[in-house]
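To keep things clear, I will list the structure first and then write my remarks on it.
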Amino acid sequence: MANTESELMLRMHGIKKSFGENEVLKGIDLTVARGEVLAIIGPSGSGKSTLLRCINRLEEIDGGSIEIEGEFLAVTDEEGHAAYAGAKKCRELLSRMGMVFQQFNLFPHMTVLENLLEAPIHVKGLAREEVLPVARELLNKVGLTGKEKAYPSELSGGQQQRVAIARALAMKPDIMLFDEPTSALDPELTGEVLKTMKELAAERMTMVVVTHEMAFAREAASHVIFMEGGHIVEQGAPESFFSNPKEGRTRAFLQNML
Amino acid sequence: MDKLLDTVLQMLEGSQITLEIFCITLVLALPLGMLVALGRLSPVRPLSRLLELYIWLMRGTPLMLQLLFVYFALPMVGVRLPDIAAALLAFTLNYAAYFAEIFRAGISAVPKGQYEAAKTLGMSYPLTMRRVIFPQVFRMVLPPVSNETINLVKDTSLVYILAMNDLLRVARTIVQREFDMTPFLIAAVFYLVMTAVLTWGFKKLEAHYGKY
């Protein structure tokens with residue numbers, strides 16, 4: 001148990017990323033162990049979403065290294081340029097991560113069930129009968145049994161986001177990435193999505209969550225990172241982080257959020 | 001009465017040329033248009049610029065001029081095509097340009113998040129296009145494609161200047177011979193029937209793909 005507890009799922013070191021002249025990540029280090037929930041908070045423009053998107057290569061880093069379960073996705077060579085692993089290795093490493101987006105990004109022309117079946121069947125090459133029970137179980141888990149045949153447009157935002165979570169889980173990822181999963185939702189719908197995420201956390205799913213939901217970070221996270229201006233300003237366990245922030249900027253930010 | 005029947009039969013024969021040009025142009029121009037659209041959106045600049053030039057030429061000059069060019073000017077440089085092939089070449093190149101712009105708009109209208117979601121699910125680019133992007137593009141482009149398709153039915157009458165016996169030319173030949181305007185009316189009805197069938201077909205398609 002102690003061994004699996006300390007198993008490193010994700011390690012990022014010295015991550016740098018610029019968009020043109022604008023340096024959004026100025027050397028970020030972080031590690032996530034198996035079963036940990038890392039919450040990344042910070043004002044908009046702090047680079048937190050970019051950092052998350054660097055983990056699964058939706059953005060490419062300019063410098064630094066990324067390790068997934070002990071294997072390098074990207075390393076920086078002697079000249080200081082980040083180099084990614086070969087195409088096959090990258091595909092394999094990236095397949096261990098699932099992602100949930102702010103805008104859900106469900107496939108609108110497919111039903112809920114088809115959204116869940118799509119990748120397991122067409123990417124993993126599994127048989128439909130094989131995936132079907134898994135998909136139904138996941139829908140049950142996110143509380144959407146009976147919505148199999150609905151199209152995303154027929155669902156509320158909260159329901160769509162829960163389908164998106166189920167769709168990512170259908171690929172059986174080791175790490176789940178959440179990019180402000182409740183930011184596009186009406187306040188009364190955020191609860192159902194956060195509940196699903198808390199259940200996932202309770203099942204020891206490794207998660208990295210960029211969020212504005214301080215209550216969620218406080219309750220469900222095992223570690224909190226506060227970012228501003230492309231730096232990590234402060235981090236720690238949620239209890240101490242929220243009740244006793246050391247940095248002035250963290251205090252100012254948390255005050256604003258309440 | 002016999003005369004009318006005879007006229008209608010002659011015109012049905014003329015409709016064959018019309019339908020032939022229509023169908024073959026459509027079958028060739030739609031996929032070609034999709035390839036041109038993908039090329040236009042490609043990050044390879046020279047390819048994109050070249051296709052932009054092609055689209056500008058095709059949309060910037062009259063189809064009539066393009067027909068005359070293929071039919072009369074190409075033979076001068078040694079390219080001699082059979083009549084129908086010449087007409088099909090001009091029609092296909094012209095319509096592919098229009099379809100390309102429709103498809104390009106449709107592909108651009110699919111949100112970036114769709115590509116990202118597909119990518120995080122491990123889908124390759126071809127798989128993403130086939131399973132995620134094209135079905136959404138297809139639905140979006142149906143109305144404009146329907147428009148162009150109906151235009152094509154009527155544009156086929158331009159082959160009239162190439163002395164091909166299409167529906168309109170047959171009608172005019174009879175009118176000139178008999179000093180009777182009825183063939184024009186019949187031609188109008190024929191065109192209307194063809195466009196009505198198309199309108200109905202596209203409506204069905206839109207209903208089918210509009211279910212989400």
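Order of the sequence lines fixes the chain letters, A, B, ..., with proteins taken first and strands second; residue numbering starts at 1 for each chain. Reckoned from all heavy atoms, side chains included, excluding hydrogens, waters and symmetry mates.
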Tell me whether the count of non-hydrogen atoms from other residues, nucleotides or ligands lying under 6.0 Å of NZ in A:Lys172 goes above 12.
no
Do you know which of A:Leu94, A:Asn56, A:Val123 has the most heavy-atom pairs with chain B at a distance under 4.5 angstrom?
A:Val123
So which of A:Glu154, A:Arg57, A:Glu118 has the biggest tally of heavy-atom pairs under 4.5 Å with chain B?
A:Glu118
Just to verify, which of A:Arg167, A:Met99, A:His122 counts as forming a side chain to side chain contact (heavy atoms under 4.5 Å, CB included) with B:Leu121?
A:Arg167
Does OH in B:Tyr160 sit with more than 12 non-hydrogen atoms of other residues, nucleotides or ligands closer than 6.0 Å?
no
Does B:Glu13 have more than 12 heavy atoms from other residues, nucleotides or ligands lying within 6.0 Å of its CD?
no
Pull out the residues in residues 102-113 of chain A that come under 4.5 Å of chain B, heavy atom to heavy atom, sorted by number.
A:Asn105, A:Leu106, A:Phe107, A:Pro108, A:His109, A:Met110
Neighbour count >12 (heavy atoms, 6.0 Å) for atom CZ, A:Arg11:
no
Review item, side-chain donor-acceptor pairs of residues 124-140 of chain A, under 3.5 Å, at least two apart:
residue  : atom : partner  : partner atom : Å
A:Lys124 : NZ   : A:Met171 : O            : 2.9
A:Glu130 : OE1  : A:Ala127 : N            : 3.4
A:Asn140 : OD1  : A:Thr145 : OG1          : 3.4

Checked B:Met123, B:Arg139, B:Lys112 vs chain A; the most non-hydrogen pairs under 4.5 Å come from B:Met123
Which atoms of A:Ser95 approach chain B - backbone, side chain, both or neither, heavy atom under 4.5 Å:
neither
Any A:Leu58 side-chain heavy atom under 4.5 Å of B:Lys119 side chain
yes
